[in-house]
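Computed from a predicted model, the values in this text were never measured in an experiment. The figures that follow rest on heavy atoms only: side chains count, while hydrogens, waters and symmetry mates do not. All residue numbers in this chain count up from 1 along the given sequence. Ligands are counted one by one from 1 in listed order, and the atoms in each one are counted from 1 as well.
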Amino acid sequence: MYNVIRVLQQLEVTAMNRKWWHEKVAYQIYPKSFMDSNGDGIGDLKGVIRKLDYLKELGIDLIWLSPIYQSPFIDQGYDISDYYKIAEEFGTMEEFDLLLKEAKERGIQIVMDLVINHCSSDHVWFKKALADPEGEYADYFYFVKGKNGNPPSNYRSYFGGSTWEPVPGTDKYYLHLFAKEQPDLNWENPKVREELFGMVNWWLDKGIAGFRIDAIINIKKDLAFPDFEPDGPDGMCRATRMVEEVEGIGELLGELKRETFAKHDAFTVGEVFNMKDGELEEFVGDDGYFSTMFDFAPHVQTSGEHGWYDTGDVDFLTWKRAIINSQLECQGKAYLANIIENHDEPRGASRYLPEYARTPDGTKMLGTVSVLLRGIPFIYQGQEIGMQNCRREDINDYDDIDTYNQFHLALETGLTKEQALEVCYKYSRDNARTPMQWDTTENAGFTKGTPWLSVNENYRKINVAVQDKDEDSVLNYYRRLIRLRKSEEWKEVFVYGEFVPMYEEDEKIFAYERRTEEKSAIVFANFGQEAVTVELKEKVKEVLLSNKNRSVEKGIDRISLEACEVIVVSV
Ligand code: TEU
Ligand code: CA
């Protein structure tokens, strides 16, 4: 009977159609901070090309490039002024084509960042709109009449302040959910959709594998722009209130997919926050709008209601439960993208590990539980060497619009400058944007010039060159971890196998099984400070991976784990 149930469960969890990208391991590059080839202090495409062999050796199949389009960089490239041009800071279109070719030769595909909720206020569309607020380009944006001398509604933008900015010389305002230099594009206008779809197809025709799709949940607006109950002393409410309430995004996303991605069998990963309950399959099921989307559930569970200043520390059990819930919810329905950090988040090793575990062993443990989950792993540059948050004494040492905003917000609530800087140290987006740490030479080998954002001083210890030579390093561990996931012997289990949580309520142990009908592997991690013993129902066959170079006796069914020890065994 048990076996029958097992087989049925198995059929259900593997019911999804197999897709070409399911087996891939992805890597996010933040180009500005990856590798500078010409000494201007800014990472560039030639720098990326130079490091392709490094990525190949790590086991990477897909590279997501954060935006490389022409931009005034008000929001570090997430404000695009020409979708068809490469930012000159990063290089030329010829260099981009060379990158595509060189990557392809190494079996690596390129995924671009698609920022289409908004463009830059420097985009020619917006300039034309401002020049003629009654003309056709005004309709590319949301130009809306104010109410009694006030903006049309009381929305607070993601980066603070009203989402409405006056259109000079008129009684209208334009909408920007992010910075005022990022006007929102009017998705209700068929011409806008046509322009955007044409652009998406142009890039896909070039041979990129697909897109990471920025802030996409925001594209549907309630054109009545209703006010909502204020949620702060500024009398405003988060603009997400409107985004959460409005219906009808599905039509837009369905059309986007039909007109572009579907024609190319493209891989797409959505940045989707605030999806409504029950929409999982519609978004990322077998025939969803996107191939996959990031699992942010474990990342938002401590998000402050008002900002970084009231964001709580990660509680192990809450974090673990969020991951387990996502895993179970998606089984047989969707294949999520798993991360521990990205360019908007603090470093995972600084955030999810308790202080005593912020060591190479702890970092390997965190990487293991994340990379072996069901779903496509996205490793963020520097994660594979255990890069950490970066402390700064002066707010001017940051270069991020949201960090400035959050710093001032913290001061306004009465925090001292020191306390506000501490908040930035914990949550600033620049924690993940410091230059990649390549070696022990000045500026971590990232640049021969002055880096646009100063390097983390710990680069002398934490860097690629030193770790490359050390068999026991975080880097070499990550190489083994990825190799295990992709190995002929185990990929079926780690890519398609069922996810079964173990020790679910335990406050120190993170454990789960990945299994198919034929095979099973179990991950045990001890996030606690004391040794623990775990028990297995079946007998251990072999150790597949260990951060303490452990071997265990074949046939045992109890394993004791030291603090910060992780072990992957087959049973
Ligand atoms: O982020 C979208 C997003 O929802 C942000 O609110 C995110 O939570 C914020 O960065 C937290 O500080 C995307 C990009 O990933 C981000 O880098 C951009 O700034 C943003 O869109 C605007 O394009
Ligand atoms: Ca450069």
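If you put the vertex on the Ca ion (ligand 2), OD1 of Asp40 and O of Ile42 sit 90° apart, to the nearest 10°.
For the pair Tyr158 and ligand 1, the shortest N or O to N or O distance does not fall below 3.5 Å. Considering backbone and side-chain N/O atoms, His343 comes within less than 3.5 Å of an N/O atom of ligand 1.
Looking at Asp468 and Tyr54, their side chains never bring a donor and an acceptor atom within 3.5 Å of each other. Residues Ser81 and Ser120 have side chains that never bring a donor and an acceptor to within less than 3.5 angstrom of each other.
Near Asp214, meaning under 4.0 Å from any of its heavy atoms, are these atoms of ligand 1: 13 (C), 14 (C), 15 (O), 21 (O), 22 (C), 23 (O). Remark: ligand 1 atoms within the under-4.0 Å shell around heavy atoms of Phe159 are 19 (O). Every atom of ligand 1 with a heavy atom of Asp75 under 4.0 Å away is listed here by number and element: 18 (C), 19 (O), 20 (C), 22 (C), 23 (O). Atoms of ligand 1 lying under 4.0 Å from any heavy atom of His118, numbered from 1 in the order shown and given with element: 22 (C), 23 (O). Set against the non-hydrogen atoms of Glu271, the atoms of ligand 1 under 4.0 Å away are 1 (O), 2 (C), 3 (C), 13 (C), 15 (O). Counting the atoms of ligand 1 from 1 in the order shown, those under 4.0 Å from a heavy atom of Phe273 are 4 (O). Of all the atoms in ligand 1, the ones that sit under 4.0 Å from a non-hydrogen atom of Asp402 are 11 (C), 12 (O).
Only one option out of Phe197, Phe211, Phe96 pairs with Trp203 in a ring-ring contact (aromatic ring centres under 6.0 Å, His included); it is Phe96. Tested against Phe378 for a ring-ring contact (aromatic ring centres under 6.0 Å, His included), the candidates Phe294, Tyr27, Trp21 yield a single pass: Phe294.
Smallest separation of non-hydrogen atoms from Phe159 and Asn405: O-CG, 3.0 Å.
The name of the N, O or S atom in Asp44 nearest to the Ca ion (ligand 2) is OD2. The atom of Asp36 nearest to the Ca ion (ligand 2) is OD1, with the search restricted to N, O or S atoms.
Taking the six-membered ring for Trp and thresholds of 30 and 60 degrees, Phe283 and Tyr289 have ring planes more than 60 degrees apart, a perpendicular arrangement.
At a threshold of 3.0 Å, the Ca ion (ligand 2) has no backbone or side-chain N, O or S atom of Ser37 nearer than that distance.
When non-hydrogen atoms are compared, ligand 1 lies under 4.0 Å from the side chain of Arg429 (C-beta onward) but not from its backbone. Looking at Arg433 against ligand 1, only its side chain comes within 4.0 Å, counting heavy atoms. If you look at Tyr427 next to ligand 1, there are no close heavy atoms at all, none under 4.0 Å. The part of Arg212 lying near ligand 1 is the side chain, judged by heavy-atom distances below 4.0 Å.
Between Asp394 and Arg392, no side-chain nitrogen of the basic residue sits less than 4.0 Å from a carboxylate oxygen of the acidic one, so the salt-bridge criterion is not met. The pair Lys191-Glu195 fails the salt-bridge criterion, with no side-chain N (NZ, NE, NH1 or NH2) lying under 4.0 Å from an Asp/Glu carboxylate O. Residues Lys426 and Glu422 are not paired through a salt bridge, judged by the lack of any N-O separation under 4.0 Å between the basic side chain and the carboxylate.
Nearest to atom 7 (C) of ligand 1 among the protein's heavy atoms is Asp344 OD2, 4.1 Å.
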### Task
Test Asp75 against Gln182 for side-chain hydrogen bond (donor to acceptor under 3.5 Å, both in side chains), laying out the working first.
CA-CA 8 Å; Asp75 184 20; Gln182 294 167 299; 3.0 Å; yes

### Task
Show your reasoning for whether ring pair (Phe, Tyr, Trp, His ring centres under 6.0 Å) applies to Phe90 and Phe73.
CA-CA 12 Å; Phe90 292 154; Phe73 286 88; 5.6 Å; yes

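With hydrogens and angles ignored, the 3.5 Å screen pairs no side-chain donor or acceptor of Asn325 with any backbone N or O of Ala322.
The option from Phe296, Trp308, Phe178, Phe294 that lies nearest to atom 20 (C) of ligand 1, judged by heavy atoms, is Phe178.
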